[in-house]
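Below is one structure, written out as structure tokens; the observations come after it.
Along the sequence shown, residues are numbered consecutively beginning with 1. Hydrogens, waters and symmetry mates are skipped; everything else that's a heavy atom, side chains included, is used. Because the structure is a prediction, the values reported are computed rather than measured.
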Amino acid sequence: QEYLVESGGGLVQAGESLRLSCVVSSGILWTDVIGWYLQAPGKQRELVASITESGRPKYADSLKGRFTISRDNSENTVYLQMNGLKHEDTGTYYCNAQYSDIWGQGTQVTVSS
């Protein structure tokens, strides 16, 4: 059974950084686009960034270079490096395999202002 498992969330102050990790099962790591989504309180889930099987990244326009998505295939992991965090980055971050439509359980990020 395929899976995605997120970790790395926490409580930080505005301006600080966090790195989220998404461990991806081998069956989808090499064949799927992996994305990070944010569900802020009271809002719909929105795409933050995604990365293709070949490593090409894509970002939401609103991020303005603060976030970086990367993948380490040897570790079966997709990372989301988040710098200069803002209060509006608060919410649950989910990892998603686009073609397989598989979601992780989410990891909570809270940014205090």
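How far CG of Asn73 is from CH2 of Trp30: 3.5 Å, rounded to the nearest 0.5 Å. Distance check: Arg71 CZ to Leu29 CG gives 4.5 Å after rounding to the nearest 0.5 Å. Here OG of Ser112 is found 7.5 Å from CD of Glu16. Values are rounded to the nearest 0.5 Å.
Listed here is the closest heavy atom pair of Leu4 and Ala97: CD1-N, 3.5 Å. Between Ile69 and Tyr59, the shortest heavy-atom distance links the atoms N-OH, 3.0 Å. Contact detail for Leu85 and Leu18: the closest heavy-atom pair is CD1-N, 3.9 Å. Across all non-hydrogen atoms, the minimal contact from Gly91 to Pro41 is CA-CD, 4.2 Å. Across every non-hydrogen atom of Ser50 and Val33, the tightest pair is CB-CG1, 4.0 Å. Between Leu20 and Gly9 the shortest heavy-atom distance is CD2-N, 3.6 Å.
No side-chain N or O of Thr92 forms a donor-acceptor pair with one of Gln39 less than 3.5 Å apart.
Formation of a donor-acceptor pair under 3.5 Å by the Asp89 side chain with backbone atoms of Val111 is not found in this model. The main-chain N or O of Ser17 is never found under 3.5 Å from a side-chain atom of Asn83 such that the two would form a donor-acceptor pair. A distance-only check finds no donor-acceptor pair linking the side chain of Asn96 to the backbone of Gly35 [under 3.5 Å]. Using a distance-only test at 3.5 Å, with no hydrogens or angles considered, no donor-acceptor pair links the side chain of Tyr3 to the main chain of Val23. Judged by distance alone, with hydrogens and angles left aside, the side-chain atoms of Glu6 form a donor-acceptor pair with the main-chain N or O of Gln105 at under 3.5 Å. Checked by atom type and distance alone, the side chain of Asp72 pairs as donor or acceptor with a backbone atom of Ser74 at under 3.5 Å. Side-chain atoms of Arg45 never come within 3.5 Å of backbone atoms of Tyr37 as a donor-acceptor pair (strictly under, hydrogens ignored). No donor-acceptor pair closer than 3.5 Å links the side chain of Thr110 to the backbone N or O of Thr90.
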Given Val109 and Met82, is the side chain to side chain contact (heavy atoms under 4.5 Å, CB included) satisfied, shown in steps? CA-CA 11 Å; Val109 172; Met82 306 188 295; 4.0 Å; yes
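Atom CD of Gln108 has more than 12 neighbouring heavy atoms from other residues, nucleotides or ligands inside a 6.0 Å radius.
Criterion: ILVMFWY side-chain heavy atoms under 4.5 Å apart, direct or through other members. Under it, Trp36 and Val5 are not part of a common hydrophobic cluster. Using a 4.5 Å cut-off between side-chain heavy atoms of Ile, Leu, Val, Met, Phe, Trp and Tyr, with links allowed through other members, Leu47 and Leu63 fall into different hydrophobic clusters.
Tyr94 and Trp103 have perpendicular rings, their planes meeting at more than 60° on a 0 to 90° scale where under 30° would count as parallel.
Cation-pi geometry between Arg19 and Tyr79 is met: the NZ or CZ atom falls under 6.0 Å from the ring centre, inside 45° of the normal.
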